[in-house]
Structures are given as C-alpha cells and as structure tokens.
Asks: 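Got a structure for you, written out below as structure tokens; questions coming shortly.
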Amino acid sequence: MGRSNFPILFITATRIGDAVLSSGLLKRLADEVPNARFTVVAGPVAAPLFAQIPNLDRLIVMEKGKGKAHWFKLWSQVRGKKWGLIVDLRGSAISGFLRRERRAVHRKNFGDPVHKVVEAARVLTLEDDPPSPFLFTSEETEARAAEVTAGEGPILAIGPSANWIGKVWPTERFGQTAKSLLAGELKGGRLMILGGKDDRMIADDLIAAFPKDQVIDLVGQADLLTVYACLKRARLFVGNDSGLMHMAAAAGVPTIGLFGPSDDLLYAPWGPKSRAVRGPREFEQFVKLDPDLSQSIRHMIDLPVASVLETAKELLAATAEQPEAPAAEPAVKPKKTRTKKVASEA
C-alpha cells in the first residue's frame, strides 16, 4: 500500500437496513487504510447513507435494470481504474472483470445462520471481531440535528413503520407505550417520530395523541443522515424491524426492536444497548402460517404493550449514566428478550 492513494470499490446493499449492518466495514477500512479513496455503490434508497464518508471519490447509485443491465452499466462506470481492493457485499461476478489487486466477495453461508453483521464481517475475515455499524456525518449535519432536537427533556424516538404490514406493530400500542414512558421513566421528555413520506398517516395518528410542543415530527422531513444524527440525541428508540431500527442502534441510542415475522437471530439491532422483543410466537411459527412472508396479515398483534414497557424500563435502567465501553473492546452481540407465552395479553 505504498502508493499515494489506495482506491477501494465498495459495493453494498439496496435496502437501508442491510446497508447499515455492513457499514462498519467502511469505518474499519477508513481507520486502517489512511490513504484509502472510496467509491461506494448502493441502491437508490440506501445510497444517501454514504454521502459523507471521508475520502469519498464517488457515490454511484445503482438502479436495477432489466436482467443484468445494471451490472453492465456499473462495469462501464468503474472499469477505467485499477482498484487496490474491491469489496462486493452483493456477491456478484463483477470483480472478476475489473483490474484489481485484491477482492473480497460475499459468499452464501451454508453453515449455521449468523447475525448479518457477522456475515458481512466474514467478507473481510473479521468475523471474530465484527465491526459495529457506523455512519459518517458532517459537522453541518450534526449542527442541523442539534437545531432540530433543541429543547428540554429526554427524547423518545419511535419508528412505527416497516416495509411490510406484517412487521408493523399496531399504531395505538406505540401510542400507549410512549404515553407510559413519557409519564414515567422519561417524564418531561419529548416524542420524536420517524419515517418516510409514505408513513404520514401512521405518524398523524400518533401525533394527534400528544401536545404539539411535545412532538418532534421528522416523518418525511429530513434526509437519512440528519435523521441518524438526530437519533444520536435520543434517550431511547422503540420501533419495528426496519432500516430505522438499525440506524438507531448504529447511532448508539438504546434501541428496542419489535419482532414477529422476521428473524431476530439474523436481524436484531446490534450492540450492547440493544434488545429484540417478540411475542409468544417464534419466527418459525410465522413461516408456517405465511410461508412466503408476504400476506397482508397483522402478524405483530400478539406482542403486548406490557412486554415492550418491561424491556424499555430494563434498558433505560441499564444505560442510565453508563460510561462508554472502550473502543478497543470487541463488539457485544445484541440481547434478545423472549416474552412469556400468555395469549390473553395480546
């Protein structure tokens, strides 16, 4: 690596959650390769997450085309350079057709399933010390987030949406949870509601239940990195299994992810300040009911408010004035909370 610049082509996911879960690899490369210059390839939704990486030469938005057309287009965009390293988390064949010194390509896991952070780390043989998710933000973004969240009292962040109705906890239960916490453990605090433009209806139902001066409404009103910077200033995040949940955990805020028809073994929020909570049914039971995990069924109906509140209180107590762990310590895998199988609570 004696050259003045070491060009790295980093091909990541199309979805926000998957992109966040592998983002720690970029942080590790930035830390350990001081002369690295990055070209990052991501899908249209996830690409903005990487816009503020230091030493970023180019951010390529790869939109899916017919057949493999998008891969041919990408090849034409990056073939003119000899790469020091190509990291391909999509597991494609493109690195075989590009000039490079080294390549690290995701391979399908045929062994026991592991968390997606560990799976991503295997690409760079870092599974014994998997880098925790991390997103870079500029000073301007942090200043904007500080302005948006300015005010008194702790912030309870809520992510009430998901990419499929089956993963969405009932909106009224988010409201009940927020009211209880803001009257108790987070008394005097504020409610920060997060989501995209398509989540406006869900957000409005929640907002209507709280005084206007108690709500920070970020639904469809801020870019992803500003949302991430705002999450750094929250005291607690509660949300469905979604990209926002993984952003919250990456931001270091104590995070509770609500699970039903998705596998918390693979997708639980990552880190020592994170918890995954589900109702009485395990993931496999949802698969038996809905094999393709695609039906318009409100699978999350059996997760009671009491279970989420119990976990929230435990997590708030565990993270109260807790000193930060030294950066050199290995990542701690997320804790999962299994609720008691009491059907009447649903």
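Predicted, not measured: the structure shown is a model, and the values here were computed from it.
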Asks: Regarding T141 and T226, is there a side-chain donor-to-acceptor distance under 3.5 Å anywhere?
Replies: no
Asks: Salt bridge check: are E142 and K232 linked by an N-O gap of less than 4.0 Å?
Replies: yes
Asks: Whether the T137 and Q52 side chains hold a donor-acceptor pair (N or O, under 3.5 Å, no angle test) is what I'd like checked.
Replies: no
Asks: When you look at CZ of R90, are more than 12 heavy atoms from neighbouring residues, nucleotides or ligands closer to it than 6.0 Å?
Replies: yes
Asks: Under a 3.5 Å distance rule, please check whether W75 uses its side chain to pair with a backbone N or O of F97 as donor and acceptor.
Replies: yes
Asks: Is it possible for you to say whether L289 and W164 belong to one hydrophobic cluster, with membership spreading through side-chain heavy-atom contacts below 4.5 Å?
Replies: no
Asks: Out of curiosity, L56 CG to I8 CD1, how far, rounded to the nearest 0.5 Å?
Replies: 11.5 Å
Asks: Less than 4.0 Å between a side-chain N and a carboxylate O, is that true for D223 and R144?
Replies: yes
Asks: Does one side chain, of R37 or N5, offer a donor that lies under 3.5 Å from an acceptor on the other?
Replies: no
Asks: Looking at A234 and A157, what are the two nearest heavy atoms and their distance?
Replies: CB-CB, 4.1 Å
Asks: Fit a plane to each ring of F50 and F10, take the angle between them on a 0 to 90° scale, and name the class: parallel (under 30°), tilted (30 to 60°) or perpendicular (over 60°).
Replies: tilted
Asks: May I ask you to decide whether D302 forms a salt bridge with R281, counting only side-chain N to carboxylate O separations under 4.0 Å?
Replies: yes
Asks: Under a 4.0 Å N-O cut-off, is there an ion pair linking E314 with R275?
Replies: yes
Asks: Answer whether the closest heavy-atom distance between the side chains of F134 and D31 falls below 4.5 Å.
Replies: no
Asks: Looking just at side-chain N and O atoms, do W270 and S132 make a donor-acceptor pair shorter than 3.5 Å?
Replies: yes
Asks: Can E119 and K108 be counted as an ion pair, charged N to O under 4.0 angstrom?
Replies: no
Asks: Membership question, hydrophobic clusters at under 4.5 Å side-chain separation (ILVMFWY): are F286 and I301 in the same one?
Replies: no
Asks: Got a second to check how far S307's OG is from L258's CG, nearest 0.5 Å?
Replies: 10.5 Å
Asks: Which value, rounded to the nearest 0.5 Å, describes the distance between M201 atom CE and T171 atom OG1?
Replies: 10.5 Å
Asks: Side chains of D88 and H106: any donor to acceptor distance under 3.5 Å?
Replies: no
Asks: What are the two closest heavy atoms between M247 and L224, and how far apart are they?
Replies: CE-O, 3.3 Å
Asks: Other residues, nucleotides and ligands only: do more than 12 of their heavy atoms fall within 6.0 Å of CD on Q77?
Replies: yes
Asks: Do the ring planes of H246 and Y267 sit parallel (below 30°), tilted (30 to 60°) or perpendicular (above 60°)?
Replies: tilted
Asks: With a 4.0 Å cut-off on N to O distance, would you call D217 and R200 a salt bridge?
Replies: yes
